[in-house]
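To keep things clear, I will list the structure first and then write my remarks on it.
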Amino acid sequence: MTVVEIPMPDDWHVHLRDDEMLAAVVDYSARWFRQALVMPNLVPPVTTLEQARSYRDRILSSVSIEAPWFDPRMTLYLRPDLVADDLRHGWVERVIGGAKFYPAGATTNSDLGGTSLADFMPVLEVMAELGMPLLVHAESTDPDIDIFDREAVFLEREVAPLLARMPELSVTVEHISTSAGIDLVRAYPQAFGSITPHHLSCDRSDILANGMRPELYCKPVINSAEHRRALVEAATSGDDKFFLGTDSAPHPLSAKEARVAKAGIFNAPFALEVTAEVFFQNGSLDQLAAFTSTNGAARYGHPVSERRLVLTRHGDANPPRDDLLTTATGDQVRLFGVNEAALWAIDQVA
Ligand SMILES: [Zn+2]
């Protein structure tokens, strides 16, 4: 039996959706996470402080478990016409934790994003002045670029020039999927990176080698085993520039296993178990707290939680878990990480 104790973690990148889906999934985030940095790609996207406040209220009123620690922090969808006062007031009031750039067309509800970060300079200058983080979905939408190379190309063409041009703007490269992302974050003092449980635990052979598994399809796509090893090395190294962002992104099975399948993995229920198992297999459980609870808190300006969780690995003692949840409207959503969940138990330290 292996036991590891960590401060209550934060999830620095999560999609909680809205309405019935929000109600079905939010408890899984509230259960073990303190802060949640909530992505703004609703339809329509969250682009004003008023919308962000209202979304935060809907999130909190959807939580049905006792979770007084749960403190969702909102993000605005980066648009050239974002109102500077919304950024200022949202930042000072600690409602807004950052603004998120989506390359138009790269992923779910990204159609209103941009093509180039250079188109957003006036907004980015306000953010730099405030110290508000820019959150970047780093993926080229150039159809001539191979899908597995799109993160590296976007970093080279867009993110590196921006970092060089605006050293005062802090940037999180979200859901890093390749060694190119790790290298870029390490090369610039003001760059940070979130990494997901699924990019740490899977490579593209898991998607394609033994039948095609749509539940592992996400953006940026899970890449090669070599890139996965680079992510595991960074996450388990203790390097304070890297932290957990689950990118948990539920879709109904009807969209997820359709002829044209939606990108997104619903990992919030067992994100900690999956992450702990990666660290366990790598012999790095002593670095788990840095990745899940300490590094991200420091990056986003929060004290580390005083609450603590204890994670216990007791082999295969748990029975397999059901891997589907059903929303109030009858949609089913597949849960990622049931195998790891069977190995681990989590409790809050009293
Ligand atoms: Zn995301």
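Both ligands and their constituent atoms are indexed starting at 1 by order of listing. Because the structure is predicted, anything quoted here is derived from the model rather than measured.
Legend: residues meeting salt bridge (Lys or Arg N to Asp or Glu O under 4.0 Å) with D286, ordered by chain and number and at least two apart, are absent. Every residue was checked against the side chain to side chain contact (heavy atoms under 4.5 Å, CB included) condition with A104, not counting sequence neighbours, and none meets it. Every salt bridge (Lys or Arg N to Asp or Glu O under 4.0 Å) that R157 has, sequence neighbours left out, goes to D142.
For the pair K100 and Y77, the NZ or CZ position fails the cation-pi test of under 6.0 Å to the six-membered ring centre and within 45 degrees of the ring normal.
For the Zn ion (ligand 1), the count of nearby protein N/O/S atoms, taking only those under 2.8 Å, is 3.
Defined by atom type and a distance below 3.5 Å, a donor-acceptor pair is present between the side-chain atoms of T236 and N282.
For the salt bridge (Lys or Arg N to Asp or Glu O under 4.0 Å) criterion with K219, the lone passing option out of E151, E174, E139 is E139.
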